[in-house]
Each structure stands twice: as C-alpha cells, then as structure tokens.
Engineer: 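Have a look at this one before I ask anything.
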Amino acid sequence: MTYYADLTPYAYDRDNGDPRASGTWQGLKLLNVGWLHRGKAYAKSAPLPGLVEALTNMTRTHRAQQTRGFHLCPWCTSPLSARRLEVPRGSAEIRVKGDGVAYAAPELIAHYVQAHDYQPPTDFVHAVLSSGQASGAGQGCPSPRPHTLTDIMPTPDAALPGPIA
C-alpha cells in the first residue's frame, strides 16, 4: 500500500493517473489519514472507546474508491506465511467529513487501530466519533474537543516506537 503522512493532501487518485482527480470530496479538501507503512513510525495509543466499532461500521457505510485487488496488513503477514488468506485485507477507502475538511483512510484503518494501536489525528478521531457509527451513537463526542493531543499522543520527550516486528 502507498504511504502518505497523516493530514497531507490526498493524492492517491492523482498518483494512479485518474484524470478526474481533484483532491476534494463533496466540496471539501481531502486529507490522508492512516496510510501506514511497515518502515515508518506512527503515533500509538490505546483506542478511545467506540473508535474501533465506529471505524469498522464505516467500512460498510462510508466506502469509497473500491479497487479490484486488495492490500494485506503489513504487520500481520509474512511472505513465508501459509495462512495469507486469513490475514486482514482491504480493498477500498473510507471517507469521513470533519470540520471544514474531509478525510480519506484505507479500509484497514479499523484493524490498524485495534491490532496495532495506531492513533489517528485528533480531529479525525473527533469526526469519526461524532458520525454516529458507534453504539450509543447519536451523542457523538462528549464535547467539541473531547480530548487534547497530550491526552492521546506521546509527549514530545517520548520517542515514537518503530514498526512492529
């Protein structure tokens, strides 16, 4: 899968030669979230309650950019694995509306959060939890800013862990 740093402008369709590519979705600037790569460090944290469930639901309700092939989780698979058919895989994206922007994430983002403790950016998490996709939904986030970066991200003094071996 292609790597894009979180919150960079979405370019996957342009990178694949789509002549209609615009970097926008429903009139909103489209930003990348969760386009991870085994060789790149990423923010880690235990997921907030409801986040995995909401992301999993979004793989059914917010799908976009369906592809013909699929991508295997880079941390759960090995070229030597005989059980590749049981490895988590994705073949689409999800799109989430945020505050004045939209986010594009690979379908495997729910798996990355649950199995590999990937911590998406705060504004993306807020948009997902406010979407009504988690159980007890309808309430969204408990406040406009339910948490701060220091609540969910490592401190500047803490080194981000490397890729999972």
Side-chain angles (χ1 to χ4, degrees), residues 1-13 15-16 25 30-81 83-98 101-135 137 140-141 146-155 158-165:
M1 181 169 73
T2 303
Y3 169 80
Y4 296 105
D6 282 347
L7 304 180
T8 57
Y10 179 83
Y12 185 78
D13 50 1
D15 289 349
N16 288 305
W25 179 66
L30 196 54
L31 302 177
N32 295 306
V33 172
W35 296 87
L36 306 181
H37 186 275
R38 187 178 179 102
K40 301 276 188 179
Y42 59 90
K44 293 177 94 174
S45 171
L48 292 174
L51 181 60
V52 171
E53 179 185 10
L55 288 169
T56 300
N57 289 339
M58 286 181 159
T59 65
R60 293 184 293 277
T61 62
H62 289 65
R63 290 175 71 85
Q65 299 292 93
Q66 179 67 49
T67 64
R68 291 183 183 185
F70 56 87
H71 170 74
L72 301 174
C73 173
W75 292 279
C76 291
T77 189
S78 150
L80 303 176
S81 174
R83 301 171 54 131
R84 289 178 66 97
L85 295 176
E86 296 175 22
V87 171
R89 65 187 69 222
S91 63
E93 299 172 9
I94 63 168
R95 301 280 168 91
V96 182
K97 285 185 181 181
V101 298
Y103 303 98
E107 182 177 29
L108 279 173
I109 192 168
H111 170 74
Y112 294 156
V113 169
Q114 182 176 40
H116 305 295
D117 291 332
Y118 165 59
Q119 179 58 59
T122 302
D123 288 341
F124 173 80
V125 171
H126 177 71
V128 169
L129 293 176
S130 296
S131 71
Q133 293 296 310
S135 64
C141 285
H147 33 73
T148 65
L149 283 175
T150 55
D151 293 332
I152 61 173
M153 301 290 280
T155 63
L160 291 176
I164 299 171

Engineer: How about Thr8 and Leu31: do any of their side-chain heavy atoms sit closer than 4.5 Å?
Structural biologist: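 Not touching, per the 4.5 Å side-chain cut-off.
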Engineer: With a 4.5 Å heavy-atom cut-off, do His111 and His116 have their side chains touching?
Structural biologist: yes
Engineer: For a quick test of reading the model, state the closest non-hydrogen atom pair linking Ala92 to Ala64 and the distance between them.
Structural biologist: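 That would be CB-O, 3.5 Å.
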Engineer: Report yes if the side chains of Pro121 and Val33 come closer than 4.5 Å at any heavy-atom pair, otherwise no.
Structural biologist: yes
Engineer: So, do Cys73 and Tyr112 sit near enough that their side-chain heavy atoms are less than 4.5 Å apart?
Structural biologist: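 They are in contact (side-chain heavy atoms under 4.5 Å apart), so the answer is yes.
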Engineer: Tell me the closest heavy-atom pair linking Pro120 and Ile109, and the distance in Å.
Structural biologist: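 Shortest heavy-atom separation between Pro120 and Ile109 comes out as CG-CD1, 4.5 Å.
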Engineer: What is the minimum heavy-atom distance between Ala104 and Arg95, and which atoms define it?
Structural biologist: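 Heavy atoms only, the tightest pair is CB-NE, 3.6 Å.
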Engineer: Using the test side chain to side chain contact (heavy atoms under 4.5 Å, CB included), find all partners of Ala54 that sit at least two apart in sequence or belong to another chain.
Structural biologist: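 Checked Ala54 against side chain to side chain contact (heavy atoms under 4.5 Å, CB included); matches are Val128, Gln133, Ala134.
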Engineer: Side-chain contact test, heavy atoms from C-beta onward, threshold under 4.5 Å: evaluate it for Leu30 versus Val101 and give yes or no.
Structural biologist: no
Engineer: Could you give the distance from OH (Tyr42) to CD (Gln119), rounded to the nearest 0.5 Å?
Structural biologist: 11.5 Å
Engineer: Are Trp35 and Tyr118, when compared by the centres of their aromatic rings, separated by less than 6.0 Å?
Structural biologist: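 No; Tyr118 has its ring centre 6.0 Å or more from that of Trp35.
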Engineer: Does any non-hydrogen side-chain atom of Asn57 lie less than 4.5 Å from one of His62?
Structural biologist: no
Engineer: Got a sec, which residues hit side chain to side chain contact (heavy atoms under 4.5 Å, CB included) with Val52, two or more places apart in sequence or on another chain?
Structural biologist: Pro47, Thr56, Val113, Gln114
Engineer: Specify the closest pair of heavy atoms between Ala110 and Leu55, including all atoms of both residues, with the distance to one decimal.
Structural biologist: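 That would be CB-CB, 3.7 Å.
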Engineer: Using only atom types and a distance under 3.5 Å, with no angle test, would you say the side chain of Arg63 pairs donor to acceptor with the backbone of Ile94?
Structural biologist: no
Engineer: What is the minimum heavy-atom distance between Gly34 and Pro106, and which atoms define it?
Structural biologist: O-CG, 3.1 Å
Engineer: So does Ala127 get a backbone contact from the side chain of Ser130, meaning a donor-acceptor N/O pair under 3.5 Å?
Structural biologist: no
Engineer: Report the distance from atom OG1 of Thr59 to atom CG of Leu108, rounding to the nearest 0.5 Å.
Structural biologist: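 Rounded to the nearest 0.5 Å, the OG1-CG separation comes to 9.5 Å.
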Engineer: Among side-chain atoms of Tyr3 and Asn32, is any donor-acceptor pair under 3.5 angstrom?
Structural biologist: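 No pair is found: no donor N or O on one side chain lies under 3.5 Å from an acceptor on the other.
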Engineer: Between atom OG1 of Thr2 and atom CG of Leu36, what is the distance when rounded to the nearest 0.5 Å?
Structural biologist: 12.5 Å
Engineer: If only side-chain N and O atoms count, and only distance matters, is there a donor-acceptor pair under 3.5 Å linking Tyr10 with Glu93?
Structural biologist: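 Side-chain D/A pair, Glu93 to Tyr10: present.
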Engineer: Distance from Phe124 atom CZ to Leu7 atom CG, nearest 0.5 Å?
Structural biologist: 10.0 Å
